[in-house]
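Report on the following structure.
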2 protein chains.
Amino acid sequence: MDVKTVCLGMLTDGPASGYDMKKCFESSFGHFFPAGYGSIYPALATLARNGMVEFEDVPQEGKPDRKVYSITDAGRQELQKGLSNPEPTHKVRSEFLATIWFAHLMEDEQIDAIVDNKLSEIEGFLKMIDEFPDCDCDQVPKGAQFVAGFGRHMAASFKAYIESNRDVLTENKPVDVKLAIGS
Amino acid sequence: MDVKTVCLGMLTDGPASGYDMKKCFESSFGHFFPAGYGSIYPALATLARNGMVEFEDVPQEGKPDRKVYSITDAGRQELQKGLSNPEPTHKVRSEFLATIWFAHLMEDEQIDAIVDNKLSEIEGFLKMIDEFPDCDCDQVPKGAQFVAGFGRHMAASFKAYIESNRDVLTENKPVDVKLAIGS
DNA sequence: GATGCATACTATCAATTTGATATATAAAAG
DNA sequence: CTTTTATATATCAAATTGATAGTATGCATC
């Protein structure tokens with residue numbers, strides 16, 4: 001599963017341009033599967049070359065032309081192939097944790113700044129998804145509901161762990177094992 | 001912060017070869033900052049070219065030679081620079097969530113298989129870190145303790161969410177908002 | 001006694017992704 | 001009047017991924 005597969009998936013909702021897809025990555029997808037122009041445009045070019053998508057040039061007044069992509073039947077088959085892996089990965093790449101690992105090489109002030117910044121970032125994220133509420137809940141596909149709930153849950157969990165254990169990094173406390181192990 | 005910085009950090013613990021570092025990435029670091037030979041060896045080559053590390057060829061009997069790297073003073077400074085970013089990232093790239101997002105395009109059996117596999121993967125991870133217990137807790141640096149506890153906590157949280165909400169994907173239930181929002 | 005696999009080391013390569021930048025127009029904000 | 005934001009395309013160097021290659025020893029399996 002790569003960006004190509006996700007683009008195909010997005011196109012099952014209807015035709016879209018690369019720019020549209022970028023916005024979709026920014027708003028929802030990007031939180032668990034980020035992608036920028038540098039991967040979206042090459043992905044679309046490859047998909048078009050292989051007949052998985054078709055595109056139409058749509059001129060606009062006062063705005064640049066749009067290249068609007070649609071999924072083909074071959075594309076739908078390819079998408080099924082992309083979704084058929086029974087062991088999809090789930091990877092974290094965290095400069096935050098890598099930095100904190102080396103806390104013993106850092107000043108307490110540095111550590112506190114990093115932790116504070118990360119906490120407010122998470123709080124911002126939680127606020128954002130709670131302001132954008134379960135509006136038209138019946139229209140949203142079950143998978144999207146599940147994933148959105150997952151994001152909310154994990155962010156809250158992230159916040160709780162940091163708040164309970166940040167003392168370990170600057171004072172001399174051991175980690176709160178109960179919280180670490182508990183559900 | 002990239003693989004180079006992490007390699008420098010590892011070398012503050014003492015000299016090591018690329019192979020040693022790969023094992024370190026596999027056992028602990030890789031859970032939050034993965035790297036393979038394809039990034040480790042180029043990173044070490046660049047660091048050596050720039051005088052951040054030195055290496056010695058160590059012949060061995062019955063085994064291939066080792067290239068043992070040590071950090072230099074310039075390397076220690078570079079490491080401090082690498083750790084000085086007050087807003088380090090924390091990114092998720094999840095084929096799992098991307099696949100689940102498209103659950104409405106899939107068969108229930110496919111979804112169940114994916115969820116079952118992911119659950120047993122997490123259970124294996126939790127078992128692993130709990131068998132490898134808080135042994136020499138005073139010797140382990142505070143940052144490593146914090147990060148290990150974080151991994152345990154997030155894995156448990158991941159598991160709890162999936163178990164409480166997997167029904168959403170194959171039956172017609174809404175997500176359990178209380179669990180999603182709660183601590 | 002051969003065949004395959006695990007461990008110990010090095011290293012490279014094509015494909016993909018990242019993060020930034022280039023180009024161009026128009027409206028809105030300051 | 002200048003900067004920023006939005007609409008849209010696209011490319012590029014650098015980094016990373018995941019696989020593979022090469023070389024040597026030991027250990028088990030057939």
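In what follows, chains are A, B, ... by sequence order, proteins preceding strands, each numbered from 1. Model, not experiment: these values are computed from the prediction.
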- Does B/Phe32 have its ring centroid less than 6.0 Å away from the ring centroid of B/Phe29? yes
- Query: Are B/Lys23 and C/dC9 close enough that a side-chain N or O sits under 4.0 Å from OP1 or OP2?
  - Reply: no
- Message: Using whole Å, what does the distance between atom C1' of nucleotide C/dT16 and atom CG of A/Leu44 come to?
- Response: 15 Å
- Treat each ILVMFWY residue as a node, draw an edge where side-chain heavy atoms are under 4.5 Å apart, and state whether A/Leu105 and A/Ile111 are in one component. yes
- Item | Residue met sooner reading DNA chain C from 5', once A/Pro42 and B/Gly38 are mapped to nucleotides | B/Gly38
- Item | DNA chain C stem ranges, 3 or more consecutive Watson-Crick or G-U pairs under 3.5 angstrom | C:1-30 with D:1-30
- Heavy-atom side-chain contact between B/Met1 and B/Phe33 under 4.5 Å: yes
- Between A/Thr12 and A/Leu8, is any pair of side-chain heavy atoms under 4.5 Å apart? no
- Task: Can you figure out which of D/dT9, D/dA8, C/dT12 approaches the side chain of A/Pro64 most closely?
- Result: D/dA8
- Could you give the NZ-to-C1' distance, from B/Lys4 to C/dT18, as a whole number of Å? 13 Å
- Tell me what B/Lys22 touches on the nucleic acid: a base, only sugar-phosphate, or nothing, going by heavy atoms under 4.0 Å. nothing
- Item | A/Tyr41 OH to D/dT9 C1', straight-line distance once rounded to whole Å | 5 Å
- Message: Does atom CG (A/Asp57) have a neighbourhood of more than 12 heavy atoms from anything else shown, all under 6.0 Å?
- Response: yes
- Walking DNA chain D from its 5' end, the first of A/Lys67 and B/Lys63 to be reached, judged by nearest nucleotide, is A/Lys67
- So, for B/His90 and A/Phe158, is the gap between ring centers shorter than 6.0 Å? yes
- Sugar-phosphate only, base, or nothing, as touched by B/Lys91 at under 4.0 Å among non-hydrogen atoms: sugar-phosphate
- Query: Are A/Tyr19 and D/dT7 close enough that a side-chain N or O sits under 4.0 Å from OP1 or OP2?
  - Reply: yes
- Would you tell me if any nitrogen or oxygen in the side chain of B/Arg93 comes within less than 4.0 Å of OP1 or OP2 on D/dT16? no
- Note on the structure: Between CD of B/Glu26 and P of C/dA6 the distance, given in whole Å, is 14 Å
- Query: What's the CG-C1' distance between B/Asp65 and C/dT7, to the nearest Å?
  - Reply: 16 Å
- Task: Rounded to the nearest angstrom, tell me the gap between atom NE2 in A/His90 and atom P in D/dT17.
- Result: 16 Å
- Message: How close do A/Lys22 and A/Glu26 get, counting heavy atoms only, and between which atoms?
- Response: NZ-OE2, 2.6 Å
- Query: How many Å lie between CD1 on B/Ile40 and P on D/dA19, as a whole number?
  - Reply: 15 Å
- Is the distance from OP1 or OP2 of D/dA8 to the nearest side-chain N or O of A/Gln60 less than 4.0 Å? yes
- Roughly how many Å is it from CG in B/Asp2 to C1' in C/dT17, rounded to a whole number? 15 Å
- Task: For B/Ala43 and for B/Tyr37, locate the closest nucleotide of DNA chain D by heavy-atom distance; then report the residue assigned to the nucleotide nearer the 5' terminus.
- Result: B/Ala43
- side-chain contact (heavy atoms from CB on, under 4.5 Å) between B/Leu97 and A/Phe150, worked out: CA-CA 9 Å; B/Leu97 295 172; A/Phe150 181 91; 3.7 Å; yes
